[in-house]
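Counting starts at 1 for both ligands and their atoms, following the listed order.
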Amino acid sequence: MSLIELRSVTKTFRSTSEDVTPIQELDFDVEQGTFVVLMGPSGSGKTTLLHLLAGIDRPTQGTVRIAGEEISALSPSQLARWRTRAVGYVFQQYNLIPVLTAFENVEVPLLLLRLSRQERERKIATALAAVGLTDRAHHLPRQLSGGQQQRVAIARAIVADPVVVLADEPTGNLDRQAATRTMELLRRLVDEFGKTLVMVTHDPVTARSADRIVHLDKGRITTGAPSHA
Ligand SMILES: Nc1ncnc2c1ncn2[C@@H]1O[C@H](COP(=O)(O)OP(=O)(O)O)[C@@H](O)[C@H]1O
Ligand SMILES: [Mg+2]
């Protein structure tokens, strides 16, 4: 059984003018502990697919199963709880809270779990150490470079020890050097920490870090050949 299993998933956004179906009868599997890159033209459904994996969007039809849990069948409150434990999400724009320090930003997901302050502090310290930012813990986002902000965002994504990490163009705003460092870090999450990573990118250089590259076009997978990485 794959860690991530989508079966015949269709997602339609309905509106008064026209319906949009970015994902059509999609079957998609990701093995535990692998790094999959999604590529495809703008509007091909990449972000929608990540949202389905994160339980942010629900499929119109079909099933999404992650680590044995059919998330497409959970209620909204069950889904919110599941998401906190199971999924970390990394955005192109980092999405840090500007008035919180790096430490406090990483703490946010933990506030939804029942943990003692000591346990929280231990987890935050571990996550910041994993991304190499122990010495920046008390800086605000604006006092950090783009690459450092993205590493704080990655620490926030892994602090609750999720099985799956999803990243939507995480290097899109970074220069090549910061992008390379970010990719080394994401690769390490898979190799050392056993995370399963699904990442969207437009950048073929970035995509080379993956175990497998999946091309989406018009809501369907066109190829899923292994990369040469
Ligand atoms: N919440 C939404 N409501 C209506 N249409 C949406 C919504 N989210 C995405 N879409 C549409 O679905 C299509 C795929 O979008 P998206 O998944 O963001 O593509 P990509 O990330 O590959 O650029 C686009 O046509 C987009 O306009
Ligand atoms: Mg997108």
Between T48 and the Mg ion (ligand 2), is there a contact where an N/O/S atom of the residue lies under 2.8 Å from the metal?
no
Side chains of E31 and S2 only: does a donor on one sit below 3.5 Å from an acceptor on the other?
yes
Shortest protein contact, atom 25 (O) of ligand 1 (heavy atom only)
V20 CG1, 3.7 Å
With the 4.5 Å side-chain cut-off for hydrophobic clustering, are L79 and I56 part of the same group?
yes
Once you restrict to heavy atoms under 4.0 Å, what part of S15 touches ligand 1? Side chain, backbone, both or neither.
neither
Distance filter under 4.0 Å to P41 heavy atoms, resulting ligand 1 atoms
22 (O)
I want to know if ligand 1 touches P22 in the polar sense, i.e. an N/O pair below 3.5 angstrom.
no
Between N173 and Q92, is a side chain to side chain donor-acceptor pair (under 3.5 Å) present by the stated rule, with each step listed?
CA-CA 7 Å; N173 283 14; Q92 180 173 350; 2.8 Å; yes
Quick one, V64 and E70 - any side-chain contact, counting heavy atoms below 4.5 Å?
no
Ligand 1 and G43, any nitrogen or oxygen pair closer than 3.5 angstrom?
yes
If you measure from each non-hydrogen atom of T48 to ligand 1, which part falls under 4.0 Å: side chain, backbone, both or neither?
both
Nearest to atom 18 (O) of ligand 1, what protein heavy atom do you find, and at what distance?
T47 CB, 3.6 Å
Under 4.0 Å and counting heavy atoms only, is there anything from the protein next to atom 7 (C) of ligand 1?
yes
For S44, state whether at least one heavy atom is located under 4.0 Å from any atom of ligand 1.
yes
Looking only at atom types and distance, does a side-chain atom of S209 sit under 3.5 Å from a main-chain N or O of M183, one as donor and one as acceptor?
no
Looking only at non-hydrogen atoms, find the nearest pair between V165 and P162 and report the distance.
CG2-CG, 4.4 Å
Output yes when a protein non-hydrogen atom is found under 4.0 Å of atom 3 (N) of ligand 1, and no otherwise.
yes
Quick one: look up the protein heavy atom nearest atom 9 (C) of ligand 1 and list residue, atom name and how far away it is.
F13 CE1, 3.5 Å
Answer yes or no: is there a donor N or O on one side and an acceptor on the other, between the side chain of K195 and the main chain of G33, under 3.5 Å?
no
So which atom in S8 and which in D27 form the shortest heavy-atom distance, rounded to 0.1 Å?
N-OD1, 2.7 Å
